[in-house]
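The structure under discussion appears below in the form of structure tokens.
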Amino acid sequence: MKKKLLIFTIAIVVIISVFLMKSEDKAQIMIKQGVNEKVVEKEYIYSHPEAIVFPSIVRSSGEKPVEAEYKGIELSTFFNSLDVDLNSIEKITFNATDGYRIILGIEEVNDPSNVYITFERDGDFLKSKKQGGNGPFQLVIRRDPFSQRWIKHVDQIVLE
Ligand SMILES: Nc1nc2c(c(=O)[nH]1)N[C@H]1C(S)=C(S)[C@@H](COP(=O)(O)O)O[C@H]1N2
Ligand SMILES: [Mo]
């Protein structure tokens with residue numbers, strides 16, 4: 001009887017660990033346009049040849065603004081590299097894993113060197129919400145001083 005309980009306990013622990021490992025690994029962004037869905041994996045983003053590093057001032061509630069170097073891909077470049085055509089798009093909605101959401105007009109997205117999907121800060125990959133970070137992916141709007149639009153933990157982008 002004791003043996004059965006032990007095996008049962010081990011099985012439960014293994015199942016839960018596998019589940020936790022899987023959910024931790026799931027750094028990806030889903031792009032939706034009508035009925036079309038495209039999943040972009042973290043490897044694609046982390047190794048993107050057009051990613052750049054730029055300085056920015058980070059504002060976090062209750063803290064002094066600090067300067068940091070972000071690494072990311074300009075959003076229009078990102079869509080371009082994925083063969084996503086923005087010509088008939090008017091607005092883009094960004095959804096985060098915590099339910100936070102922001103919407104950008106296409107003019108702002110096409111405004112050069114402004115909107116970036118970022119994945120590194122000061123040389124380290126952005127940590128997930130679970131690990132206490134702003135990532136794994138965060139939108140940075142360089143010319144927007146109001147960081148409430150710098151959406152953290154982006155996991156879905158909807159094109160309309
Ligand atoms: N996913 C997500 N992104 C978000 C928020 C949030 O609650 N969830 N808060 C916004 C606000 S109001 C600010 S000021 C910045 C910085 O948030 P922090 O104060 O939690 O660092 O992130 C912005 N992006
Ligand atoms: Mo904020």
Side-chain angles (χ1 to χ4, degrees), residues 16-48 50-82 84 86 89-160:
I16 291 173
S17 323
V18 167
F19 181 79
L20 286 178
M21 269 156 26
K22 281 245 167 87
S23 60
E24 198 55 82
D25 242 354
K26 225 190 78 200
Q28 58 184 34
I29 298 178
M30 154 100 78
I31 298 174
K32 284 190 171 195
Q33 185 177 5
V35 293
N36 296 323
E37 292 183 347
K38 191 179 271 204
V39 173
V40 184
E41 301 293 345
K42 68 170 188 291
E43 291 79 14
Y44 180 85
I45 297 173
Y46 287 172
S47 63
H48 202 286
E50 288 161 291
I52 65 153
V53 176
F54 55 88
S56 65
I57 306 291
V58 182
R59 290 174 179 82
S60 183
S61 31
E63 283 169 48
K64 275 191 192 156
V66 288
E67 188 164 330
E69 293 213 306
Y70 268 95
K71 184 172 185 181
I73 312 156
E74 188 167 359
L75 199 66
S76 52
T77 306
F78 179 63
F79 286 130
N80 215 329
S81 68
L82 291 165
V84 173
L86 296 181
I89 300 304
E90 290 170 4
K91 62 171 187 175
I92 304 186
T93 303
F94 298 84
N95 292 312
T97 54
D98 62 349
Y100 201 80
R101 161 180 295 177
I102 65 140
I103 302 176
L104 300 183
I106 195 67
E107 332 71 52
E108 195 165 15
V109 169
N110 285 330
D111 186 16
S113 309
N114 192 25
V115 181
Y116 289 78
I117 183 87
T118 70
F119 55 90
E120 266 185 46
R121 182 171 154 179
D122 295 327
D124 297 318
F125 287 124
L126 299 180
K127 293 195 180 81
S128 67
K129 180 176 164 62
K130 218 196 267 175
Q131 297 167 305
N134 285 3
F137 308 114
Q138 181 180 15
L139 201 75
V140 171
I141 306 175
R142 292 178 70 180
R143 284 194 285 284
D144 187 346
F146 304 105
S147 49
Q148 63 264 43
R149 299 205 306 161
W150 292 26
I151 181 169
K152 309 179 279 188
H153 333 299
V154 177
D155 70 340
Q156 194 185 66
I157 301 177
V158 183
L159 306 171
E160 287 166 286

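Order of appearance sets the numbers: ligands from 1, and atoms from 1 within every ligand.
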**side chain to side chain contact (heavy atoms under 4.5 Å, CB included) between Phe54 and Val140, intermediate numbers included** = CA-CA 10 Å; Phe54 55 88; Val140 171; 3.8 Å; yes
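- The aromatic rings of Tyr46 and Phe125 sit parallel to each other, their planes meeting at less than 30°, with 60° as the upper class boundary.
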All N/O donor-acceptor pairs, side-chain side in residues 60-79, below 3.5 Å, sequence neighbours left out:
unit_1: Tyr70; atom_1: OH; unit_2: Gln138; atom_2: OE1; d: 2.9
unit_1: Glu74; atom_1: OE2; unit_2: Ser113; atom_2: N; d: 2.8

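- Protein residues having a heavy atom under 4.0 Å from any atom of ligand 1 are Arg59, Ser60, Ser61, Ala96, Asp98, Tyr100, Ser147, Gln148, Trp150, Ile151, Lys152, His153, listed by chain and number.
- When side chains are defined from C-beta on, Leu104 counts as touching Leu139, because their heavy atoms get closer than 4.5 Å.
- Enclosure of atom NZ in Lys38 by more than 12 non-hydrogen atoms of other residues, nucleotides or ligands within 6.0 angstrom is indicated.
- Dense packing is recorded around CD of Gln148, with more than 12 heavy atoms of other residues, nucleotides or ligands lying under 6.0 Å away.
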